[in-house]
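One structure is given here, and the rest of the page talks about it.
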Amino acid sequence: MDLQRMLGLCRSQQWGIDDLDWEVPARSFEREDEIAVVQYFTDMAGIELLAGALFEVQQQKSDDPLLREIFASFVKDERRHSQVALRLAAHYNRHHYRSYRPNPALVRFRPRFVEVVRQAAPGVANLYITTGELLLDIALLRSLDDFVDDPMSRQAMRLINRDESRHIAVDYHMVAYYASDAYAELEARQNPRNALDLARQGFALTRFIASAAPFFRDVFFTPLDRVDPSGHRLLEAFKRIQLLGQKPSIARHPFSRFLSLMQELYEHPLAGIVLGPAIVRFLGLDPRVIGRLYDDEEARRAARMSVDALAAEALAVKSQGARFSKARRRRRPLRERVGSWLAARI
Ligand SMILES: [Fe+2]
Ligand SMILES: [Fe+2]
């Protein structure tokens with residue numbers, strides 16, 4: 001990636017909340033839909049602030065002046081998105097059926113996510129951030145915008161999406177960087193972490209895991225079930241994350257190996273039955289997105305593609321309609337799984 005060019009885009013594509021035409025009248029919703037839409041925009045404001053806090057940590061951790069400036073612009077973008085989301089919440093709150101506060105699971109999770117990103121190895125932290133951004137951009141915002149289906153939301157989401165495209169491109173670039181030999185050498189030269197650092201990391205990770213499941217459930221999975229009942233975009237977002245892990249340079253990373261072990265155990269016909277619930281709890285994810293969401297050909301293709309090309313493909317998916325088709329949308333019956341597991345080994 002040409003970071004200088006990216007920085008140029010970060011500067012030239014800045015915009016302000018008042019560039020949007022807020023005079024457009026808000027469409028009306030049924031009572032329950034209005035309550036849901038206002039709550040989701042309220043939560044979106046909190047998620048955007050979380051994204052901003054995570055980029056701030058990345059900015060502080062980066063040694064590259066260009067990256068520092070790029071991340072600083074992303075912090076600014078996310079704060080602006082948060083303000084826009086709050087204003088959208090107010091815009092659609094026509095009947096004031098109740099008062100709205102950010103979801104408590106989000107409030108609890110936010111400082112813990114920031115802490116884990118601060119403490120964890122940068123490569124791991126970056127993978128979490130990339131996952132969050134793909135989930136937010138490909139699944140939640142796009143589905144929410146379609147559900148709202150109104151010019152005010154469309155004009156805001158168009159500009160937010162343009163910013164998010166830059167974020168995802170840089171997220172992928174950083175994933176490739178942390179998986180590179182150059183970074184591995186740099187890391188090897190640095191002092192190993194001492195016991196206190198490891199204890200701090202472990203503590204932060206435990207707190208993070210304890211609050212991750214309710215956060216993902218309340219802020220992503222439940223709203224998505226309402227605004228995209230087909231689940232297509234949710235599966236598409238996780239498929240993009242899984243495909244990134246098919247690149248050999250990324251797959252060899254200890255954290256990627258750990259995630260694929262979890263997936264293998266979860267899909268194993270016998271171990272999956274015993275350990276499945278614990279794996280779901282530990283990863284904090286919906287069972288639908290833990291299993292393999294791509295086929296062999298897609299895996300081989302992703303392994304051959306550059307990280308930039310994978311990012312471009314994820315961004316192209318973002319601007320298309322929901323069309324997920326190749327996923328196993330639910331776990332196959334036990335008998336079928338045992339049969340295929342045996343067939344592969346006999
Ligand atoms: Fe954002
Ligand atoms: Fe973002």
Side-chain angles (χ1 to χ4, degrees), residues 1 3 6-7 9-17 19-20 40-62 67-89 102-103 106 109-110 113-114 117 122 125-146 148 152-175 215-216 219-220 223-224 227 233 236-238 240-241 244 310-312 314-319:
M1 173 184 285
L3 290 179
M6 175 54 74
L7 181 58
L9 286 177
C10 293
R11 287 175 180 150
S12 65
Q13 293 185 343
Q14 287 297 309
W15 53 283
I17 185 169
D19 294 345
L20 300 170
Y40 297 162
F41 278 125
T42 306
D43 288 342
M44 177 185 156
I47 302 171
E48 298 287 355
L49 282 184
L50 169 59
L54 298 176
F55 280 131
E56 204 165 6
V57 176
Q58 284 192 295
Q59 181 205 352
Q60 290 158 359
K61 283 189 168 185
S62 176
L67 274 174
R68 284 176 75 90
E69 221 176 311
I70 288 170
F71 284 133
S73 82
F74 289 178
V75 173
K76 213 166 133 189
D77 293 343
E78 303 294 21
R79 285 188 187 142
R80 181 173 57 244
H81 299 171
S82 179
Q83 287 168 358
V84 170
L86 276 184
R87 191 128 167 211
L88 285 169
N103 190 294
L106 165 63
F109 181 72
R110 193 159 57 199
F113 195 178
V114 174
V117 165
N126 182 243
L127 221 47
Y128 277 129
I129 294 168
T130 307
T131 302
E133 289 242 298
L134 284 172
L135 190 50
L136 182 65
D137 296 340
I138 293 182
L140 189 62
L141 296 191
R142 190 61 215 259
S143 303
L144 179 55
D145 191 32
D146 282 353
V148 172
M152 185 66 247
S153 170
R154 291 251 183 261
Q155 52 166 325
M157 290 294 188
R158 191 180 62 78
L159 288 174
I160 288 174
N161 256 317
R162 196 175 68 182
D163 295 342
E164 296 299 344
S165 297
R166 298 194 302 278
H167 300 183
I168 286 186
V170 173
D171 289 336
Y172 270 68
H173 169 78
M174 296 308 291
V175 169
F215 166 75
F216 282 119
V219 177
F220 283 108
L224 272 165
V227 295
R233 289 211 172 94
E236 190 65 61
F238 273 94
R240 296 293 134 196
I241 296 155
L244 192 51
L310 284 169
L315 291 170
V317 166
K318 191 166 81 130
S319 54

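Remember, it's 1-based here, ligands and their atoms both numbered in the order they're listed.
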Q: Output all residues satisfying side-chain contact (heavy atoms from CB on, under 4.5 Å) with Ala89, sequence neighbours left out; order by chain, then residue number.
A: Val38, Phe41, Thr42

(Q) For the CZ atom on Arg154, are there more than 12 heavy atoms of other groups (residues, nucleotides or ligands in this structure) within a distance under 6.0 Å? (A) yes

**Q.** For Arg11, side chain to side chain donor-acceptor pair (under 3.5 Å) partners two or more places apart
**A.** Glu69

Q: Just jot down the salt bridge (Lys or Arg N to Asp or Glu O under 4.0 Å) partners of Arg166, sequence neighbours excluded, or say none.
A: Asp77, Asp163

**Q.** Closer than 2.8 Å to the Fe ion (ligand 2) - protein N, O or S atoms, ordered by chain and residue number
**A.** Glu78 OE2, Glu133 OE2, Glu164 OE1, His167 ND1

Q) How are the rings of Phe215 and Phe220 set relative to one another: parallel (under 30°), tilted (30 to 60°) or perpendicular (over 60°)? A) perpendicular

**Q.** Exam field: side chain Ser62 to backbone Gln59, donor-acceptor pair closer than 3.5 Å
**A.** no

